[in-house]
Amino acid sequence: MLWLLEIALPCRRITTMLKRTHMCGTLRSEDQGREVVVCGWVNTYRDHSSGLVFIDLRDREGLVQVVFDADDSEASAMEVGRALRREDVVAISGTVRARAGGANPKLATGEIEVLARSVELLAKTEPPPILPDDHEADRISEENRLKHRYIDLRRPRMQSILRTRSQVTKLARDYFMDHGFLEIETPLLIKTTPEGARDFIVPARLHPGMWYALPQSPQLFKQILMVAGCDRYIQICKCLRDEDPRADRQAEFTQIDLEMSFVDRDDVIEMMSGFARRLWKELLDVEIGEIPTMTYAEAMERYGIDRPDTRYGLELQDISELCGRTDFRVFKDALAGEHGCVKAIRVPGAAERFSRKVTDGYTEFVRDFGAGGAPTTKLTANGFETGVAKFLEPIADELIAELGLEVGDAVVFASDTRTIATRALGELRQKIAQDLDLIPEGCWNFVWVIDFPMFERDEEKGRWVALHHPFTSPNPDQFDILESDPGGCLSAGYDLVLNGSEIGGGSIRIHDQSVQETVFKLLGLTQADAEMKFGFLLSALRHGAPPHGGIAFGLDRLVMHLVGTDNIRDVIAFPKTQSGGDLMTDAPGPVDEEQLVETHVRSTAEPPA
RNA sequence: GGGGCGGUAGCUCAAUUGGUUAGAGUACCGGCCUGUCACGCCGGUGGUUGCGGGUUCGAGUCCCGUCCGCCUCGCCA
C-alpha cells in the first residue's frame with residue numbers, strides 16, 4: 001500500500017526546474033532587454049528592506065547581480081529572494097537591464113543586472129564552513145580548503161586554474177596529433193622495476209603472494225610501443241612514486257608523456273620547444289623564442305645546480321688557485337683534501353645587506369647541504385672588511401679583478417670538495433636572490449640542459465647509478481668510452497628548465513640490446529637479474545627496435561608556471577597532503593578483513609589504538 | 001627518519017608575567033533599511049583552547065608525549 005500513498009501525496013516540487021539560458025558571468029550590456037534564466041550559487045546578498053534585495057549570483061563563468069524589487073518581481077520570488085543566503089543554489093528567471101544605481105567597474109558584468117521575475121531554490125545550504133572568496137583565500141588555512149574542496153574549488157581563482165589546466169591538455173593533444181602522434185594508453189598494474197623511486201604496490205588476488213606495482217612512468221611501455229611500430233606516442237598519464245611530497249611535488253602526479261621513433265636529440269628538443277612556444281603564445285600571448293641549450297657541466301660550473309635559474313646573475317666562480325695562497329685555515333684544509341675547491345659569488349652592492357645576522361643565517365643554511373659554513377666579506381673603499389677580510393689581504397687585488405668586484409659589493413665563499421662546495425653555493429645563490437629580491441618579475445627563462453653524465457658514483461653501494469635512468473643512451477660520440485670510462489661518458493639526455501624549475505626531461509634511448517646489457521652490467525645487474533627484470537625489453541630490442549627517444553613534461557609544474565603559483569596543490573583538483581592523505585575523503589583508510597584475506601595480505605603494522 | 005613553524009568560536013585571528021565569566025571580525029539566527037555591490041545599523045546563538053598526561057592554589061599560556069597541517073634535509077632512476 002505504500003506505493004499508493006506516494007502517488008497520493010502532492011509532488012514536493014511543484015515548479016518545473018527553470019532551464020538555464022545563459023551563464024552568469026557572460027552577460028553584457030548587449031543583452032539588455034533579454035529574458036534569461038541563470039543558475040548558480042549565491043555569492044553575496046545585500047538585503048535592503050522588504051522591498052529590495054540584491055544578490056551576486058556565481059557560476060563557473062563569473063558573477064552577475066540579480067535584483068529582487070517588490071515593484072517588479074513576483075511576491076513569491078520576493079519572499080524567496082529575501083531568504084537567500086551565501087552558497088544557496090538557485091535558478092532565476094528575469095530580464096537583463098542596465099543598472100539603475102550605476103555600473104560596478106569591478107565586475108565584467110558590472111554594467112547590467114538581472115531583474116528577477118521568479119526564482120527557484122534548488123538547494124538550501126547549511127552554513128558554509130568556508131567561503132569561496134578569492135579575497136579571503138589567502139586567509140583560509142589550506143587544511144580547511146582541502147577538507148571542503150568542493151567549496152574551495154568554487155573560487156574564481158581555482159576555477160581559472162582548472163580551466164588553464166584543461167587548456168594545456170587540449171593544446172597538448174592538438175599539437176602532438178598535428179605532428180603525427182597517437183594517444184595510446186599503457187597499463188596501471190605493472191611489474192615492479194628496480195632502481196628509481198619507491199613503488200606503490202597492489203596485491204594480486206589471483207596470484208597469492210605476488211604484487212603489481214603502479215607505474216612511476218610509462219617508460220618501458222612507450223619504448224615497447226616504438227618497437228611495435230607506433231612511431232609516435234603521446235599520453236597524458238598519472239605517474240605514482242611513493243616518496244615524500246614537497247611544495248612542487250606530489251606522490252601522484254601527471255605527465256605529458258611522449259616518445260618518437262627515428263629521431264635524434266635535436267629532433268625531440270625542437271618538437272618540445274615548439275610545444276612550449278605554442279603553450280606560452282596561446283595561453284599567455286608570450287613569445288618565448290628560441291630556447292638556448294647549456295651543458296650540464298656549464299650549469300654546474302656557473303650555477304651550482306643542474307636546473308639553472310638564469311633570470312639573475314650571482315654566478316659561481318672558481319677561485320681555488322687564488323685562495324690556496326691565503327692563510328685561511330678553512331680554505332687550506334679544503335684544498336688539501338681530494339677534489340678540494342673554493343668557490344665564490346659576487347653579490348653586487350649587497351654590502352649593506354650582509355649584516356652579521358644575515359651571514360650567520362647563510363652559514364646555517366649551507367649546513368643542510370654538507371658545507372661547514374659560508375664565509376663572507378665586503379669590499380669597501382678601504383679594501384675588504386668584516387668576515388674573512390684579513391685572510392684575503394695577500395690576494396686582495398687579484399680577487400677583486402677575478403670576481404670583478406666594486407666597492408659596496410659583498411662576497412660569499414664556499415670551500416669543501418668540489419661537489420659539496422658547488423651544491424651549497426648553488427643553493428645559497430637562490431636563497432640570496434630571493435632574500436635580496438633580485439629575481440626580476442615576468443621573465444620566462446627557458447633553457448635546455450644537455451650532456452648529462454651517464455652515471456654517478458654511489459660510494460655507499462659501491463657502484464654506478466644512472467643519473468637519468470638505465471635506458472638512456474650515451475651520446476653518439478660517447479659509445480667508445482661507455483665501458484672504459486663510465487664516469488666520463490655523457491648521455492643523450494635533456495631536461496627543460498624554466499626559471500630554475502625542471503619542467504620536463506627525457507633522452508634518446510638505447511635501442512641496441514648489447515649496449516643495454518652493458519649499461520645494466522655497469523649498474524651492477526647480473527645477466528640473470530637483467531633477464532628476469534627486463535627480459536621483455538631486451539627481447540624487444542633483439543627484434544627490430546628503431547632508434548627512438550622521448551620526453552615527459554610535468555603537467556602540474558607547467559600549470560604552476562602558467563598560473564603563477566608555487567604550490568602544486570593549487571593546480572590539482574583533489575591533491576594530497578604532505579603525509580599522503582586526502583583530507584576530504586580521509587584516504588588512506590583501513591580495509592575489511594575479508595579484503596585482506598582475499599588478497600592474501602597480512603599487515604605487520606600495529607593496529608591503531 | 002631529522003630540523004623548523006603552526007593548531008583558541010563554522011572561518012580568520014586576539015588574550016600582557018601563569019590570575020576575573022577566553023574576546024573581536026566574519027559566517028549563521030532575529031529586527032530595521034528601496035540602489036546596494038566585501039552594503040549599512042541594532043540585537044543574539046556559538047568554545048572539550050587538536051588530543052593525553054604532568055607542574056601549580058590556579059594552565060589557552062610552562063613541561064612531557066601524541067595527532068594533524070605547512071616548509072625543509074634525506075628521498076624523488
Side-chain angles (χ1 to χ4, degrees), chain A residues 43-57 63-73 78 83 85-87 98-107 109-110 113 115 125-148 151-152 193-199 216-217 219-220 239-251 253 364-370 423 427 431 452 454-456 458 464-472 491 493 502 505 507 519 523 554 566-567 569 576-579 581 583 586 608-609:
Chain A
N43 193 63
T44 50
Y45 66 93
R46 296 177 289 280
D47 179 356
H48 272 258
S49 67
S50 53
L52 183 67
V53 175
F54 299 97
I55 65 169
D56 289 343
L57 193 64
L63 296 176
V64 70
Q65 172 167 289
V66 176
V67 57
F68 296 84
D69 187 329
D71 298 337
D72 298 301
S73 303
M78 206 61 225
R85 291 298 177 265
R86 301 185 72 156
E87 302 310 310
R99 290 194 178 199
N104 180 353
K106 288 188 228 164
L107 290 183
T109 60
E113 65 189 5
L115 172 65
T125 181
E126 290 180 12
I130 63 172
L131 289 169
D133 289 348
D134 280 336
H135 68 265
E136 277 189 17
D138 291 342
R139 301 179 47 209
I140 300 176
S141 71
E142 193 169 15
E143 200 171 345
N144 279 312
R145 289 176 49 205
L146 294 176
K147 206 177 287 179
H148 310 285
I151 298 176
D152 189 47
T193 51
E195 308 251 342
R198 190 178 295 114
D199 282 326
Q216 299 175 24
S217 81
Q219 180 61 38
L220 292 169
C239 301
L240 300 118
R241 298 176 188 175
D242 190 5
E243 302 291 350
D244 288 9
R246 285 285 187 278
D248 64 350
R249 220 169 72 189
Q250 288 258 303
F253 64 102
E364 195 60 36
F365 179 81
V366 296
R367 291 210 171 115
D368 274 352
F369 306 101
R423 167 98 201 274
E427 297 285 346
K431 178 178 168 57
F452 289 84
M454 283 287 289
F455 307 102
E456 252 176 345
D458 185 326
W464 298 103
V465 292
L467 201 74
H468 195 64
H469 60 52
F471 320 108
T472 297
S491 81
E502 184 197 325
S507 62
V519 169
L523 293 173
D566 52 11
N567 179 351
R569 294 176 298 279
K576 291 181 175 54
T577 67
Q578 188 127 149
S579 58
L583 295 180
D586 208 25

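In what follows, chains are A, B, ... by sequence order, proteins preceding strands, each numbered from 1.
Residue A/Arg569 places no side-chain atom within donor-acceptor reach of the base of B/G69, judged by atom type and a 3.5 Å distance cut-off alone. For B/C37, its base sits under 3.5 Å from the side chain of A/Arg99 at one donor and acceptor pair at least. Contact of A/Asp368 with B/C73 (side chain to base): no donor-acceptor pair of N or O atoms is detected under 3.5 Å. For A/Arg249 against B/C76, a side-chain N or O and a base N or O form a donor-acceptor pair under 3.5 Å. On a pure distance criterion of 3.5 Å, no polar donor-acceptor pair joins the side chain of A/Glu143 and the base of B/G6.
An OP1 or OP2 oxygen of B/C68 is reached within less than 4.0 angstrom by no side-chain nitrogen or oxygen of A/Thr577. Within the structure, every side-chain polar atom (N or O) of A/Ser49 is placed at least 4.0 Å from both OP1 and OP2 of B/C33. Phosphate contact (OP1/OP2 of B/C71, side-chain N/O of A/Gln578, threshold under 4.0 Å): present. Between A/Tyr45 and B/G40 there is no side-chain N or O to OP1 or OP2 distance below 4.0 Å. Remark: A/Asn144 is in phosphate contact with B/U12, judged by side-chain N or O atoms under 4.0 Å from OP1 or OP2.
Between A/Leu107 atom CG and B/C39 atom P the separation is 11 Å, expressed in whole Å. Spacing between atom CD of A/Glu87 and atom C1' of B/U26 amounts to 14 Å, rounded to whole angstrom units. Look at CG on A/Leu131: it is 15 Å from P on B/A38, rounded to the nearest Å. Rounded to whole angstrom, the span from the CD atom of A/Glu142 across to the C1' atom of B/G7 amounts to 15 Å. Atom CZ of A/Arg246 is separated from atom P of B/G69 by 15 Å (rounded to the nearest Å). Residue A/Lys147 contributes atom NZ, which lies 12 Å from atom P of B/C70 at whole-angstrom precision. Atom CG of A/Asp69 is separated from atom P of B/C33 by 15 Å (rounded to the nearest Å). Atom CD in A/Gln216 sits about 12 Å away from atom C1' in B/C75, given to the nearest Å.
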Step by step, would you call A/Gln65 with A/Arg46 a side-chain contact (heavy atoms from CB on, under 4.5 Å)?
-> CA-CA 10 Å; A/Gln65 172 167 289; A/Arg46 296 177 289 280; 2.9 Å; yes
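B/A38 and B/C73 have their P atoms separated by 41 Å, given to the nearest Å. Across B/U66 and B/G1, the matching P atoms stand 11 Å from one another, rounded to whole Å. Taking the P atoms as reference points, B/C11 lies 15 Å from B/A27, given to the whole Å. Comparing the C1' positions of B/U61 and B/U17 gives an interatomic distance of 10 Å, to the nearest angstrom. Taking the P atom of each, B/G54 and B/G60 are spaced 15 Å apart, rounded to whole Å. Of the C1' atoms belonging to B/C63 and B/G23, the separation is 27 Å, rounded to the nearest Å. For B/G30 and B/U45, the P atoms lie 15 Å apart once the distance is rounded to whole Å. Spacing of C1' atoms, B/C75 relative to B/A15, comes out at 42 Å, to the nearest Å.
Nucleotide B/U20 forms a pair with no other nucleotide shown, judged by Watson-Crick or G-U wobble geometry with both contacts under 3.5 Å. Nucleotide B/C70 forms a Watson-Crick or G-U wobble pair with B/G4, both donor-acceptor distances falling under 3.5 Å.
Residue-to-nucleotide proximity on RNA chain B shows that, of A/Glu113 and A/Ile130, the 5′-proximal contact is made by A/Ile130. Between A/Ser50 and A/Asp566, the residue whose closest nucleotide on RNA chain B is further toward the 5' end is A/Ser50.
Ring-to-base geometry does not place A/His48 in a stacked arrangement with B/U36 (centre distance under 5.5 Å, plane angle under 30° required).
Using a cutoff of 4.0 Å between basic side-chain nitrogens and carboxylate oxygens, A/Asp152 and A/Arg569 are not scored as salt-bridged.
Here the shortest heavy-atom pairing between A/Pro128 and A/Ile151 reads CB-CD1, 4.4 Å. Between A/Asp199 and A/Thr193, the closest heavy-atom pair is OD2-N, 3.7 Å. Nearest approach of A/Asp244 to A/Arg249, heavy atoms of both residues: O-NH2, 2.5 Å. Across all their heavy atoms, A/Arg86 and A/Asp133 have their closest contact at NH2-OD2, 2.7 Å.
Across all strands shown, A/Ala247 has heavy atoms under 4.0 Å from sugar-phosphate atoms exclusively, and none from any base. Contact annotation for A/Asp242: no contact, since no heavy-atom pair falls under 4.0 Å across all strands.
In this structure, the side chain of A/Gln250 engages the main chain of A/Lys576 through a donor-acceptor pair within 3.5 Å.
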